[in-house]
Structures are given as structure tokens and as C-alpha cells.
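The structure appears right after this line, and notes come after that.
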Amino acid sequence: METDTIAAISTPVGEGGIAVIRVSGPDAISIADQIYQGKKSLDKVPSHTVHYGYIVDPEAGERVDEVLVTVMRAPRTFTREDVVEISCHGGMIPVQKTLEILLDHGARLAEPGEFTKRAFLNGRIDLSQAEAVMDLIRAKTDRAAKVALSQHDGKLSRMIQRLRSEILETLAHLAVNVDYPEYDAEEMTAGFLRERCVYISGEIERLLQTARQGKIYREGIKTAIVGRPNVGKSSLMNALTHENKAIVTDIPGTTRDVIEEFVNVRGIPLKLLDTAGIRETEDVVERIGVERSRQALKQADLVLLLLNYAEPLTPLDRELLSLIKEHSSIIIVNKTDLPRQIDMDEVKRLAGDVPVISASVKEDRGMEDLEEAITRLFELGKVELADATYVSNSRHIHLLRRALASVKDVVEGIDSGVPLDMVEIDLKNAWESLGEVIGDSVSEDLIDQIFSQFCLGK
């Protein structure tokens with residue numbers, strides 16, 4: 001399948017200024033030339049040039065659209081194959097018709113992520129760079145985009161390749177001394193091997209130290225807004241999103257389900273979950289919403305508990321204050337624009353180490369304090385994107401941890417007096433685990449699974 005010619009619409013479907021159809025493969029230029037009408041044949045134009053003309057339906061003899069066609073010849077393309085990009089008008093009909101004619105003349109409809117998959121298989125990018133393409137597309141904030149772009153540029157790949165080279169060199173020395181002791185090669189002592197493994201484990205640990213922040217940039221912080229009915233949860237949701245996403249009324253129990261929305265807080269994507277007010281209720285629908293609220297609380301990375309400044313603490317408030325201590329949490333005492341009825345000393349005593357913020361969502365007071373508290377809680381103020389190599393992908397984190405465990409097994413084996421030819425197995429396992437990060441040693445099934453998550457046309 002990797003030797004045929006594929007085509008797909010690479011821009012979102014719908015009305016727009018332009019839409020781009022991408023064609024890649026050995027027959028990309030000749031197939032496009034069959035349906036293109038312009039001053040020159042596409043087979044004869046130089047690489048990396050743009051040409052004005054029309055797409056025609058050869059069978060009907062009719063023009064379909066006025067287009068610009070970009071011709072790029074292998075190997076200086078994203079897929080390292082011949083690539084043609086057709087820029088059509090952005091309406092549904094001309095784009096779909098152009099694609100249909102391409103498919104009728106020998107192209108095959110691309111699978112999700114197949115263009116990027118070909119770039120990987122043809123050696124244009126490694127697997128971690130390919131995954132960064134999707135991360136860049138899905139990035140919700142500037143910082144998330146910078147982390148993805150850094151990975152796409154090969155910053156992580158170069159670090160992994162350097163570590164694999166260190167391991168391979170160490171394995172080579174070890175092999176010479178174990179298998180050919182009669183040669184006058186550099187002696188591979190247990191002390192030298194231990195020193196190299198301690199260095200390698202330190203480098204992997206340094207990478208893993210960025211994993212928490214990197215994963216936050218990539219996936220966001222799943223944030224549950226919880227509290228009793230009518231404490232201002234939906235108002236907080238609307239304030240953070242700057243839109244009226246949730247219905248706000250004075251009637252308790254308005255929110256019946258969990259409402260999700262991504263927001264940008266100081267470059268950090270927060271996946272906000274506005275939950276139904278937690279209380280005992282006879283209403284069947286509201287009861288389902290309350291149960292979903294409790295589930296959201298359990299699964300959240302961050303819990304924002306709202307209390308009412310204008311009401312005394314209730315037994316349910318105290319129960320929630322107890323529950324949130326199991327999570328990364330922030331307490332927001334809302335409605336400070338009203339006369340105080342709550343006992344703040346009791347709130348702080350029950351909160352313990354959980355940050356407490358006073359706010360009036362209605363008057364937009366306390367939002368800066370909330371953002372600062374989130375930044376401190378996740379230590380995001382310490383993050384410097386310019387120089388660090390960030391690990392943000394769960395698959396990469398798992399493989400790095402596995403490689404680290406293998407290298408540490410080597411050190412423990414040496415300290416326990418295990419023969420060097422035995423610890424060599426653990427060192428090889430570390431080398432292979434690191435190879436899976438960049439795709440040097442990875443199964444075909446995993447490759448298919450990764451690229452199936454991509455959008456069509458990428």
C-alpha cells in the first residue's frame with residue numbers, strides 16, 4: 001500500500017476561502033496532470049512551483065474549478081514522494097468533485113494519518129516527530145504548540161539517539177571484553193560499566209522530570225468545578241471561558257449534566273467540567289447529574305470547590321471539604337460581594353494545606369488569584385520552554401520509565417556481583433525501549449494504531 005498514490009482533502013470540510021487536496025505517490029503528478037488544464041503540462045514544470053489553471057472532468061469535458069496547483073518532486077517533500085497540492089475554492093461541491101475525479105484516475109483515498117505515516121516509513125521523520133504533528137494540530141495554547149513544535153523539530157529525538165549511542169558504545173565495549181578476552185582492548189570493568197549506567201539513568205531521569213509539565217501542556221488539566229447547588233459553579237465556568245456556556249439562574253439544580261470546555265489559563269489548557277450541584281434530591285434526572293459530578297470529582301486532576309460566602313457552612317460543604325483533600329484542589333469562597341455569613345476560620349481549618357481564595361465571580365474579582373494558585377499548585381511557573389526537552393506523550397513516558405528501570409537493574413546487578421554478561425541483557429532492553437520512542441524498534445501494529453488516530457489528509 002505504501003507504493004501506490006493517495007489523495008485526500010487536507011483542510012476542514014465546509015465553506016471557506018480555499019480548500020487543499022493533497023496527492024502523494026509515484027503517479028501523483030501524472031494523475032493530477034490528467035485533470036489539470038493550464039499553460040504547461042505538470043509533468044514538465046520544475047519542482048516546488050505553483051501553477052494557475054482549471055480542474056476539468058475529462059469524461060464530461062467540463063471545468064470543475066479554478067485552482068492553483070503546487071508541484072513538489074521527490075525527495076524534497078514531506079512524504080519523500082512526488083506531491084501535488086491542489087488549492088480549490090472552499091465550497092463543498094468543487095472540492096468533493098475534484099477529489100472524486102482524482103480517485104477515478106488512479107489515486108486511492110488516503111487513510112487517516114497516511115501522509116505522515118509515509119513520511120515516517122520513508123525516513124523523513126521518526127515516530128516521536130510524527131506524533132508531534134498531531135500534538136501540534138491539537139494544541140490548545142501557545143505553550144502546548146511550542147512543546148509540540150520542539151518535539152517535531154527533533155529535540156527529543158536527538159536526546160534519545162544520543163542516549164542510545166551511549167548504550168550501544170557501552171555494549172560494544174562489553175561484548176569485546178566478554179567474548180574476546182584475548183584481545184588487548186580497553187578493559188570493561190564493572191566500575192566503568194556502573195559509571196556509564198549511572199550517567200545514562202541520570203539523563204533519563206532528567207527527561208522524566210519534565211513529564212508532568214509536558215503532559216499538562218499536551219493533554220491539559222482535567223478540572224472539576226464542584227460544590228452545592230447555586231454557589232456559582234456555572235458562573236465560574238462562564239467567567240473562565242468568557243462565554244455563556246452554562247445556564248445561570250437563582251434556581252438551585254439548573255445544571256443537570258457535566259459540561260466540558262477547554263480554556264487557556266496562562267498558557268495552560270484546562271479542561272473544565274462544570275458539574276451538577278451535589279445534594280440529596282428526589283428528581284431522577286438531577287440525581288443522575290449528581291452521580292456524574294461525584295465521578296468527575298474522582299477522575300479530575302484538579303478540583304475547584306466553590307463555597308458560598310453569604311451562607312454558613314453546611315454538612316455537605318464539610319463533606320466536600322473532606323473529599324477534596326485526596327486531590328489537587330483549590331477552594332474558592334464565592335459571592336464576596338454579599339454580606340458574609342460563612343466562618344472563614346472554620347473554612348481554613350478544614351481546608352488544611354488546600355489553598356483558599358476569596359472571590360466574586362459576578363464582579364470578576366479573584367480570577368487573577370485563582371490563576372496564580374493553579375500555576376503554583378502545578379509548579380508551572382518554573383517551566384522554561386526555550387531550552388528544555390519536554391516529554392509530553394504518555395507512550396514516551398512509559399517507555400522512558402521502562403528504560404530507566406532496565407538501566408537501574410544493571411547498576412543493582414553490578415553491586416550484587418552479577419556477571420557482566422548477565423547484566424548485558426538489561427542494558428539491551430534499555431536500548432530497545434528507547435528505540436521504541438523514536439520508532440527504531442516498534443511493531444507494525446503499534447505504528448498502525450498511532451497513525452489511525454490522525455485526521456484524514458494529514
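Numbers for residues simply follow the sequence, beginning at 1.
Taking each heavy atom of C197 and V410 in turn, the nearest pair found is SG-CG1, 3.5 Å. Nearest approach of S128 to D126, heavy atoms of both residues: OG-OD1, 2.8 Å. Contact between V71 and H51 at its shortest, heavy atoms only, is CG2-CD2, 4.4 Å.
By the salt bridge (Lys or Arg N to Asp or Glu O under 4.0 Å) test, E100 pairs with no residue at all, sequence neighbours left out. By the salt bridge (Lys or Arg N to Asp or Glu O under 4.0 Å) test, R164 pairs with D440, sequence neighbours left out. Every residue meeting the ring-ring contact (aromatic ring centres under 6.0 Å, His included) condition with F451, not counting sequence neighbours, appears here in chain and number order: F454. When the salt bridge (Lys or Arg N to Asp or Glu O under 4.0 Å) test is applied to R124, no partner is found at least two apart in sequence or on another chain.
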Taking only distance into account, with no hydrogens and no angle test, what donor-acceptor pairs under 3.5 Å do side-chain atoms of residues 396-409 form with protein atoms, sequence neighbours excluded?
{"unit_1": "H396", "atom_1": "NE2", "unit_2": "E131", "atom_2": "OE1", "d": "2.7"}
{"unit_1": "R402", "atom_1": "NE", "unit_2": "S433", "atom_2": "OG", "d": "3.1"}
{"unit_1": "R402", "atom_1": "NH2", "unit_2": "E436", "atom_2": "OE2", "d": "2.6"}
{"unit_1": "S406", "atom_1": "OG", "unit_2": "R402", "atom_2": "O", "d": "3.2"}
{"unit_1": "K408", "atom_1": "NZ", "unit_2": "E205", "atom_2": "OE2", "d": "2.9"}

Under 3.5 Å, which donor-acceptor pairs link side chains of residues 366-373 to any protein atom two or more places apart or in another chain?
{"unit_1": "E368", "atom_1": "OE1", "unit_2": "R266", "atom_2": "NH2", "d": "3.2"}
{"unit_1": "E371", "atom_1": "OE1", "unit_2": "R266", "atom_2": "NE", "d": "3.4"}
{"unit_1": "E372", "atom_1": "OE1", "unit_2": "R266", "atom_2": "NH1", "d": "2.6"}

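None of L103, L102, I6 except one satisfies the side-chain contact (heavy atoms from CB on, under 4.5 Å) rule with L109; the exception is L103. In summary, of the residues considered (V23, D43, T5), a side-chain contact (heavy atoms from CB on, under 4.5 Å) with I29 occurs for D43 alone.
A donor-acceptor pair under 3.5 Å links the side-chain atoms of N122 to the main chain of T79, judged by distance alone.
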* Report the C-alpha separation of I86 and V20 in whole Å, then their side-chain angles, then the decisive distance to 0.1 Å, and conclude whether the side chain to side chain contact (heavy atoms under 4.5 Å, CB included) test is met. => CA-CA 6 Å; I86 303 172; V20 176; over 6 Å; no
